[in-house]
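What follows is a set of notes on a single structure, which appears directly below.
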Number of protein chains: 2
Amino acid sequence: MMEKEFTLTKEQQVEVERQLAFLQRGVVEIVPEADFRKKIEKSVVTGKPLKIKLGMDPSAPDVHIGHTVPLHKLRQFQELGHEIQMLIGDFTGRIGDPTGKSETRKQLTDEEVKKNAETYVEQYGKILDMDKVTIYYNSEWLKPLQFEDVVKLAANMTVARMLERDDFEKRYKSGQPISVHEFFYPLMQGYDSVALDTDIEVGGTDQKFNLLMGRTLQEAYGKEKQVALTLPLIEGLDGERKMSKSLNNYIGIDEAPNEIFGKSMSIPDELMIKYYKLATDLPMEEIEKLEADLADGSVHPRDAKMNLGALFVEMYHGKEAAEEARNYFQTVFQKRSLPTDIPETKWEGESPIWIVDLLVELNMQSSKGEARRMIQNGGVKINEEKVEDVQLQVEVEDGMILQVGKRKFMKLTK
Amino acid sequence: MMEKEFTLTKEQQVEVERQLAFLQRGVVEIVPEADFRKKIEKSVVTGKPLKIKLGMDPSAPDVHIGHTVPLHKLRQFQELGHEIQMLIGDFTGRIGDPTGKSETRKQLTDEEVKKNAETYVEQYGKILDMDKVTIYYNSEWLKPLQFEDVVKLAANMTVARMLERDDFEKRYKSGQPISVHEFFYPLMQGYDSVALDTDIEVGGTDQKFNLLMGRTLQEAYGKEKQVALTLPLIEGLDGERKMSKSLNNYIGIDEAPNEIFGKSMSIPDELMIKYYKLATDLPMEEIEKLEADLADGSVHPRDAKMNLGALFVEMYHGKEAAEEARNYFQTVFQKRSLPTDIPETKWEGESPIWIVDLLVELNMQSSKGEARRMIQNGGVKINEEKVEDVQLQVEVEDGMILQVGKRKFMKLTK
């Protein structure tokens with residue numbers, strides 16, 4: 001379907017450019033760019049919001065930071081006044097995996113679908129304004145389709161093009177079986193866009209094929225073609241592989257504040273800015289400034305990471321929880337950090353023994369006077385607990401750790 | 001599903017062997033042979049007929065001799081008391097080609113489907129006992145299938161196995177598009193066998209893949225698996241390519257008796273026995289005798305072919321028509337046959353001229369007496385018409401053909 005050309009006022013042109021620039025954040029690809037501009041122009045001129053679709057699998061309602069990347073993009077569309085279509089792919093969920101081979105594609109009851117959808121709404125509500133989101137269940141239009149309709153649907157796609165999809169191609173070439181029904185999943189996703197008159201569909205780079213399927217099918221059904229907008233897949237805490245629950249390299253948005261904060265601290269330095277851009281709503285100018293500050297050393301990566309952790313906790317548990325998590329981390333983790341290469345000494349002397357004698361006999365202090373002063377200054381710890389009493393009689397235990405000052409450690413064995 | 005083993009009486013064993021031997025006629029492959037035997041055994045022991053399926057395309061009701069090959073096999077099954085399932089594939093006919101590319105796969109109305117089916121019944125009734133044939137329309141069980149059922153159906157087959165089908169493989173490798181919906185056709189055909197509890201499905205060798213699909217799907221749906229019985233594709237009158245309407249190398253069973261007879265006479269000698277075996281019901285012993293007689297020269301191929309033509313006409317138009325066609329052929333065609341290398345002579349003599357003078361001047365007879373006797377004996381023809389009058393004055397015309405006896409010809413030019 002041809003789109004109309006519009007004549008824009010100067011003001012409208014400025015608005016179009018503003019939206020295009022704002023929506024560029026973190027994007028990998030917009031296919032095709034020209035249609036994207038036309039759609040934004042049309043919306044600006046007519047005042048009608050665009051329809052932005054995001055599909056989700058109803059069988060996996062545990063959302064992690066990786067899943068939130070497209071949500072932040074939707075939030076940006078929301079901020080510009082566009083309309084969000086949240087598509088729950090319940091039709092396939094209700095079927096499950098008909099081959100019975102897939103464990104991840106379990107058959108869901110109506111109740112489970114509904115419960116999972118509610119979980120999404122609750123979790124996504126932390127990023128999106130859910131009052132401005134419409135939720136759709138695709139069984140509404142897929143379930144009533146009859147064999148004849150399915151034949152006509154499938155006629156719009158060739159086998160060769162299906163096998164161009166990355167995962168299909170790999171499996172086909174390596175001789176792994178692809179069931180014929182798997183070809184339906186992209187067709188269903190594309191047909192959802194036909195049913196919903198979607199303008200723009202958002203997804204990870206691994207979704208590009210499916211997003212373009214929507215375009216193809218909309219054209220076949222005489223509708224205006226959607227634009228595909230892809231976003232990066234975020235690496236998990238290992239810094240290498242895509243964040244996923246099965247790889248245990250994820251930060252779940254429903255995890256406890258201290259968990260979220262602590263896991264955030266283990267994000268590799270070089271990925272931090274990517275997380276900021278894709279998984280927070282911090283304005284781009286601030287992220288760019290932070291990037292410069294990190295580059296010239298005026299901000300320490302650890303501090304930047306703490307701020308990121310605090311942003312995550314704030315998003316999912318509120319401001320207060322964020323402050324508490326930061327404090328907890330600082331008191332418990334940051335101050336408690338023990339080196340991993342503590343020297344060991346087998347203790348064969350007496351026990352209990354006066355702490356001052358112990359430090360001198362272990363050569364951790366050169367004199368009793370020095371040892372006494374160190375204790376009085378709070379510089380001596382047993383098992384990470386400060387020794388407050390200079391007269392302390394120590395019951396030596398296997399594995400006991402002594403610390404003198406910041407860097408001197410000794411582990412006792414018996 | 002496992003089939004029961006039976007203990008057969010001596011008599012039953014003999015009957016099983018009789019059926020197996022009888023049904024071997026012209027068969028290319030039975031897959032698997034062991035199941036075929038088991039099914040026959042079960043039928044002999046229980047007295048229950050087997051269900052033999054033949055599918056047909058409702059869009060092409062013009063039956064030619066090539067189409068009748070499986071019908072003769074069905075007739076043999078009928079003679080053994082088995083039950084014939086004639087399956088009209090009306091479901092796909094009603095859909096047509098959803099891509100609009102195929103001219104042969106036109107969308108049919110209910111009325112057309114019905115009319116074509118009636119044509120089948122009428123035409124097939126010339127070979128089969130239609131009172132013992134049940135006609136099924138697959139839209140009965142395919143039309144009500146919903147998307148969910150289709151997904152489950154398709155889950156039983158892999159893309160790789162689909163692409164092993166000869167025509168798909170060729171098209172895929174040569175880069176010709178295969179629409180995804182084309183994968184449904186073999187699935188539909190296989191599902192028909194599920195719906196009909198078919199025991200044996202009969203088809204040409206090009207149908208093997210589809211016949212085995214029925215087996216696969218029956219197993220998936222917890223049914224007893226059918227056996228695939230394939231038959232040769234018969235070459236057309238050109239002796240090379242499969243008989244087909246589009247190649248114009250066919251004998252249509254609805255053609256006029258003289259057409260059928262005449263076309264039969266142009267069957268290449270080396271294919272005659274194949275036609276006898278596959279497209280007539282002449283008992284095998286007679287065919288084998290004929291084969292021997294042809295080999296030792298005691299029967300002339302022309303006569304064997306005339307008998308074949310007469311058999312065809314008898315099958316489709318009755319005994320009387322067969323005799324008439326044979327006579328017509330003999331009087332009109334056989335006696336009229338002119339050699340292709342007739343010598344030419346430019347006639348510069350007088351015209352009209354007495355026939356006796358003409359023959360002598362052309363050196364076709366050595367004397368007027370000889371010429372006169374030859375005419376009186378009916379041995380002289382002009383333009384294939386016998387010269388009855390010895391006094392005939394001939395008006396010489398360009399292209400006029402003179403014949404004396406069986407082998408002497410002359411063409412006159414002016």
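No experiment lies behind these values; they were computed from the predicted model shown. As a basis for the values below, the full set of heavy atoms in this structure was taken, side chains included, without hydrogen atoms, waters or symmetry mates.
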Side-chain heavy atoms of A/Lys143 within contact of B/Glu148, under 4.5 Å: yes
B/Phe91 portion near chain A, given a 4.5 angstrom heavy-atom threshold: side chain
I need the B/Phe183 CZ to A/Met162 CE distance, nearest 0.5 Å. 10.0 Å
Can you find a heavy atom in the side chain of A/Val151 that is under 4.5 Å from one in the side chain of B/Met188? yes
Give, as side chain, backbone, both or neither, the part of B/Met157 having an atom under 4.5 angstrom from any heavy atom of chain A. both
Heavy-atom pair of closest approach, residues A/Ser179 and B/Ala155: OG-O, 3.5 Å
Could you tell me whether B/Lys152 atom NZ has more than 12 heavy atoms of other residues or ligands within 6.0 Å of it? yes
Take A/Phe184 and B/Phe147 through the test ring pair (Phe, Tyr, Trp, His ring centres under 6.0 Å) and record every step on the way to the result. CA-CA 10 Å; A/Phe184 290 131; B/Phe147 203 166; 5.6 Å; yes
Atom of A/Val180, atom of B/Val159 and distance for their closest heavy-atom approach: CG2-N, 4.0 Å
Could you tell me how the ring of A/Tyr172 sits relative to the ring of B/Tyr172: parallel (under 30°), tilted (30 to 60°) or perpendicular (over 60°)? perpendicular
Is the shortest side-chain heavy-atom distance between A/Leu145 and B/Gln146 below 4.5 Å? no
For the interface with chain B, which of A/Asn156, A/Ile95, A/Asp149, A/Leu187 has the highest count of heavy-atom pairs at distances below 4.5 Å? A/Ile95
List the steps and the verdict of side chain to side chain contact (heavy atoms under 4.5 Å, CB included) for A/Thr158 and B/Gln176. CA-CA 10 Å; A/Thr158 69; B/Gln176 284 175 281; over 6 Å; no
